[in-house]
Each structure stands twice: as C-alpha cells, then as structure tokens.
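What follows is one structure encoded as structure tokens, with my remarks underneath.
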Amino acid sequence: QLTVAAVTPLAEQPARRPAGAADAAAADAGVRLMFRTKGIERRATVLAEGDAGQIIEISLRGKHGDASANELIAYVRETVEKLDPAGVIMNLGNFSYSFGNDIGALLTPLLGRHAGKRREFCIVARGRTSRSLRSLFELTNHPDIVGARYFEDARDALIYVKRALAGDTV
C-alpha cells in the first residue's frame with residue numbers, strides 16, 4: 001500500500017511550494033525541486049512513498065520552444081537518476097506542445113528499471129498537447145512509449161500508478 005509521505009528535500013536542491021498548487025495532494029507532500037529556465041518551469045515532487053518505492057510527478061509548465069528539448073530531457077534524466085522512483089507521472093498538463101521531433105526523447109529516462117522491475121509511468125496532457133505527443137511517440141515504435149497511458153488529471157494518473165505498482169491490472 002502506497003501512502004503520501006513527507007520526505008526531506010535533497011540537500012543540494014531548493015525545496016519550494018508548487019506554483020498554483022493545482023494538485024492538492026502534491027502541495028503538502030514530498031520533495032519539490034523547482035527551476036525556471038528560459039520560460040519553462042520544471043518541478044519534481046514526491047507524491048507518495050511505499051514498499052514499492054516513491055511515486056514522483058515531473059511537471060513542465062510553459063511552451064515548447066522556450067527551452068531547448070535537451071535541457072528538458074536532461075532535467076527528467078537527472079531527476080529520475082537522483083530519486084530512482086518506482087513510478088513517474090509526467091505532467092504536461094500546463095505545457096504547450098504542437099510539433100517538433102526534438103522533444104521525442106523526453107520519456108526515454110522513464111524507461112529504466114527500479115528494483116529490478118519496469119518503472120511505471122504515465123502522462124498527464126490535454127488537448128493539442130496530448131494529441132501531438134501521442135502522434136509523435138507512436139512514431140517511436142517503442143512498446144512502452146506507444147502503450148503509455150494518458151490522463152487529463154494528475155489525481156487520476158496517481159491512482160493509476162499506485163494501482164499498477166500494487167499489481168492491480170489497470
């Protein structure tokens with residue numbers, strides 16, 4: 001059973017409250033690593049922790065093109081390497097993306113393993129961003145990316161990841 005847990009922020013990273021706090025569960029729990037570079041706000045938050053490991057949310061807020069895709073991919077990779085979560089919610093609900101292959105490797109860092117098991121992940125995206133990402137990621141032909149679950153709400157995504165880590169068929 002995964003439960004929301006308070007986690008001491010990593011010493012080398014600033015801990016801050018999420019801007020907007022749209023995700024109520026995330027607002028009071030876990031590590032918050034927030035950075036703003038070239039118009040893109042990047043935030044990582046530990047949402048839950050349990051026997052299977054941590055579930056983190058990586059949020060990008062802004063517009064594609066305001067920061068290089070390589071910077072965003074590096075941020076996702078470094079966050080996953082530092083926290084080694086069992087599950088990741090890639091929250092692009094406040095990220096505007098419509099076209100460009102440069103962001104195609106954004107999910108690659110999530111394909112790793114945690115404690116010998118496939119890392120669970122899903123994507124929060126809406127509207128044009130969701131349609132555009134699905135179209136781009138389908139071109140990769142990687143079964144874990146093509147089969148990624150999409151949600152419009154981070155709460156539904158968290159429920160999905162918790163159930164997947166618990167072994168429930170989802």
Hey, are the side chains of [X] and [Y] touching, using non-hydrogen atoms and a 4.5 Å cut-off?
{"X": "Val76", "Y": "Thr108", "value": "no"}
{"X": "Arg61", "Y": "Arg42", "value": "no"}
{"X": "Val80", "Y": "Ile58", "value": "yes"}
{"X": "Leu60", "Y": "Asn91", "value": "no"}
{"X": "Val88", "Y": "Ile55", "value": "no"}

(request) State which residues pass side-chain contact (heavy atoms from CB on, under 4.5 Å) with Ala157; sequence neighbours excluded, sorted by chain then number. (result)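 Testing Ala157 for side-chain contact (heavy atoms from CB on, under 4.5 Å), a comparison that skips the adjacent residues, returns Ile89, Cys122, Val124, Phe151.
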
(message) If the condition is side-chain contact (heavy atoms from CB on, under 4.5 Å), which residues does Arg131 pass it with, not counting sequence neighbours?
(response)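 Per chain and number, Arg131 pairs via side-chain contact (heavy atoms from CB on, under 4.5 Å) with Arg128.
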
(message) Test of understanding: with side-chain hydrogen bond (donor to acceptor under 3.5 Å, both in side chains), list the residues that count as partners of Thr129, not counting sequence neighbours.
(response)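 Per chain and number, Thr129 pairs via side-chain hydrogen bond (donor to acceptor under 3.5 Å, both in side chains) with no residue.
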
Which value, rounded to the nearest 0.5 Å, describes the distance between [X] atom [atom1] and [Y] atom [atom2]?
{"X": "Met90", "Y": "Leu92", "atom1": "CE", "atom2": "CG", "result": "6.0 Å"}
{"X": "Lys162", "Y": "Glu120", "atom1": "NZ", "atom2": "CD", "result": "14.5 Å"}
{"X": "Leu158", "Y": "Ile56", "atom1": "CG", "atom2": "CD1", "result": "12.5 Å"}
{"X": "Leu165", "Y": "Tyr160", "atom1": "CG", "atom2": "OH", "result": "9.5 Å"}
{"X": "Asn94", "Y": "Lys63", "atom1": "CG", "atom2": "NZ", "result": "15.0 Å"}
{"X": "Glu49", "Y": "Leu83", "atom1": "CD", "atom2": "CG", "result": "10.0 Å"}

(message) Check this for me, if you would: do Asp84 and Arg119 make a salt bridge, where the nitrogen-to-carboxylate-oxygen distance has to be below 4.0 angstrom?
(response)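 Salt bridge present between Asp84 and Arg119.
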
(request) Decide yes or no on side chain to side chain contact (heavy atoms under 4.5 Å, CB included) for Phe121 and Leu107, but give the supporting numbers first. (result) CA-CA 9 Å; Phe121 73 91; Leu107 298 182; 4.1 Å; yes

(request) Could you walk me through whether Phe95 and Ile40 pass side chain to side chain contact (heavy atoms under 4.5 Å, CB included), step by step? (result) CA-CA 8 Å; Phe95 186 72; Ile40 301 286; 3.6 Å; yes

(message) Donor-acceptor pair, distance only, cut-off 3.5 Å: does the side chain of Arg126 make one with the backbone of Glu152?
(response)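 Indeed, once roles are kept as given, a pair shorter than 3.5 Å links the two residues.
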
(message) Tell me every residue that passes salt bridge (Lys or Arg N to Asp or Glu O under 4.0 Å) with Asp156, counting only those two or more places apart in sequence or in another chain.
(response)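 Asp156 satisfies salt bridge (Lys or Arg N to Asp or Glu O under 4.0 Å) with no residue once adjacent residues are dropped.
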
